[in-house]
Amino acid sequence: MSTPAAQPENTMEAIVSLAKRRGFVFQSSEIYGGLNGFFDYGPLGVELKKNIRDCWWNDMVRRRDDVVGIETSIIMHPKVWEASGHVAGFSDPLVDCKVSKNRYRADQLFWSPVVVDGNVVGYVSALESEKTAEELQAAAESLKRKKAIQGTLAPVVAKDFTEASAEQVSLIPSPATGNPDLTPPRSFNMMFQTNVGAMTDASSVAYLRPETAQGMFVDFKNVLDSNRVKLPFGIAQIGKSFRNEITPRNFIFRSREFEQMEMEYFIHEDADWDKCHKEWIEWCRQWLLSIGLPESHLSLYAHPKEKLAFYSRGTVDIMFKYPFGVQELWGIAARGSYDLTQHANASGKPQEVFDEASKNKFVPHVIEPAVGVDRIFLAVLAAGYAEEDVTDEKGNVEKRTVLRLSPRIAPVKVAILPLLKNKELLTNRAKALYTKLKRNYAVQYDDGGAIGKRYRRQDEAGTPWCVTIDFDTIEKPGDTFTLRERDSMKQTRVTETELFALLAEQVY
RNA sequence: GCGGCUGUAGUUUAGUGGUAAAACCUCUGCCUUCCAAGCAGGUGUCGAGGGUUCGAUUCCCUCCAGCCGCACCA
C-alpha cells in the first residue's frame, strides 16, 4: 500500500540533500569551503549523467542517418569568439544605482534632457518598457512644474545610457531614487579568460568556450569534405562549456562550468526552415518524454519577435517546471546563415556548398537544438523525487523516499539481492547472476542488512528493479527469482531469460 | 554584484564563555524465509581566518558557502 507520488514543500532542499547523501552531486572543493557555481558528480551522479549523454548520442547521432558527431577543443582561436559576437555581445554594460543598489543594463535604461525654450533644465530617466517614451514625457512635464519654470517644453528624446556623456551620467536621475546616483556603464564579460603559452601578454589571451556550437560551425567544411554528407544534415557535439555567471543559482541549474549537448542542422537556403524548426522542436520534446520526463512538466515558449537577436528567425524554448519555477530546458533556434557567414567573413574562407540543381553556391542555414546535460539531470531528479507514505501489514505508516528514474537513465538498472546473507546456496546463485548481468548492465550486489532495507536503499538510488534470490529459487524447479518493481513495489517471479528480455526491451 | 537570513557528524537537528549531544545514515560482526526489525562494535578538529578573553563552537570583525529577494542570464 502506498499513497500516490507526493512531493514535499521544499523539494529542492530534499533533492540537494539526497544528492549528497547518496553520491549524486557534491559541491566542488567542499573541504576548502566550496566554490560558488561549480559542482562534482559522485558515483551515482556520474552514471546518471553518462546515461543521459549516451541516450542523447545514440538517438541523435547513431540512430539517425543525417547527423554525425564531432568533438572540438574547449579553447579555440580567439577570433572565433570575435566572429561569433561573444567578445562584444557577452559583455553587457551595466549601470548600478549607488543608493538603491539596483542594477540596470545600460541599453535598457533610457533618459532624456528636459529642454524648455532651448535650455536644458534637467534630466529624466525611465526603464525600457512599452511606455518608455510616455513615461519620459510625463516625468519631464512633472519636472518643469516642480521647478516652476515658464516656457515651452520640447518633446523628450529617448536615448539609452550607453549614449550618455560622463557629465550627463552625473546628472541623470536613477529610476529608483530620482536623484543622480548612477555609476557610469561598466562591462561584465561572461567568458572565462586564459592564456595560451607560458608567456602572458595581450597576444596570448584565449577563452574557455561559452558554448560548443562554434566548434560545429568552424569545422563545417572539414566535416562536409570528409564524410560523404549532404544537405540536410547535422553535426552534433557533447562537451563542457564555461560562463562566468554573475550569480549562479538553483543548485546545478545555472553553474559556471556545465555540459552542453548541441546539434547544428544545416539546410538549404531555400528550404522550409519553419517546418524544419517545428520538426526539431517535436523531436526534442519526444526525446525528453523517452527519458521519463512527464509531459505535464513540459511547455513551449516562443521568444517574441522583438526580443530575438537580429540574425535569429525564431527561437522556441522547451520549458520545464522545476521546483523553483518554470525555466528553460532546451532551446531550439533558427539561426539563418549568420554563423557560417560570420566565419566566412572573418576567416576569408568561404563556407558554401554547391547546389547541383541550380549550379549555384550558397551558405546553408541552420537549426540549432541546444540543451544542458546538467539541466536535464536536475529535471529528472526533480520530476522523479517522491516521498510516499507506506503502510505495512501491521498498519504502521512509514515514509518511503523514491527516485522514479526511467530505466534508460537510471544509474543502476538492477540490484541483485540474496534473501539472506548467511546461506551459501542463496549467495552463490546471486553472485552467478550478478556476474552474468554486469557484463552488459550497471548492476549492484547487496547483501547488507534486512531485505526491506536494501529495497529502500535502491529506491533512493532510482534503481528500477531488484531481483531477490530466495528459497524458491533453489528449492523449486524453474530457477525463478523475485522481481521487485520500484514504483509499484509489486513482486513477480521471473526466469533469467525473462529478466534479460525485460532489460533488453527497457534499457536502450 | 547589492540587501536580508543562515552555517554544529554523511543527513536532520539539540546545546553551552570552561576543550559537544541525539536520531537516522554509513561501515564491521552476529542474527534475519520479502519492504528502513534486533543485538554488539567502529567512525565527529562546531564553515575558514583574525580579534576580545585566563579560556571562544558561543561575543566582535573579515572572508567563504547556502537560502530568499533585487539585478543579470549573448
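Note: hydrogens, waters and symmetry copies are ignored here, and every other heavy atom, side chains too, is used. Order of the sequence lines sets the chain letters (A, B, ...), proteins ahead of strands, with each chain counted from 1.
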### Message
Give me the distance, rounded to whole Å, that separates rA65(B) from rA48(B) when you measure between the C1' atoms they each carry.
### Response
10 Å

### Query
Where along residues 15-28 of chain A does a heavy atom come under 4.0 Å from RNA chain B, residue by residue in number order?
Ser17(A), Lys20(A), Gln27(A)

### Query
Which sits closer to the 5' end of RNA chain B, Glu211(A) or Pro248(A), going by the nucleotide each is nearest to?
Pro248(A)

### Query
Taking atom C1' in both rG55(B) and rG69(B), what distance in whole Å separates the two?
41 Å

### Query
On a whole-Å scale, what distance lies between the C1' atoms belonging to rU8(B) and rU13(B)?
9 Å

### Task
For Tyr32(A) and rC64(B), say yes or no: do the ring centres fall under 5.5 Å of each other while the ring planes differ by less than 30°?
no

### Query
Does Arg457(A) have a side-chain nitrogen or oxygen under 4.0 Å from the phosphate oxygens OP1 or OP2 of rU26(B)?
yes

### Query
What integer number of Å spans the P atoms of rC25(B) and rG38(B)?
9 Å

### Message
If you assign Gly37(A) and Gly449(A) each to the RNA chain B nucleotide with the nearest heavy atom, which residue ends up on the more 5' nucleotide?
### Response
Gly449(A)

### Task
Provide the distance between the two C1' atoms, one in rU6(B) and one in rC27(B), to the nearest whole Å.
32 Å

### Message
Could you work out, with salt bridge (Lys or Arg N to Asp or Glu O under 4.0 Å) as the rule, every residue matching Asp374(A), not counting sequence neighbours?
### Response
none

### Message
If you take the centroid of each ring, where Trp contributes its six-membered ring, are Phe253(A) and Phe251(A) closer together than 6.0 Å?
### Response
no

### Message
As a test of your reading of the structure, name each stem of RNA chain B as range with range, where a stem is three or more consecutive Watson-Crick or G-U pairs at under 3.5 Å.
### Response
B:1-7 with B:64-70, B:10-13 with B:21-24, B:26-30 with B:38-42, B:47-51 with B:59-63

### Query
Can you check whether Asn36(A) has a side-chain N or O nearer than 4.0 Å to OP1 or OP2 of rC64(B)?
no

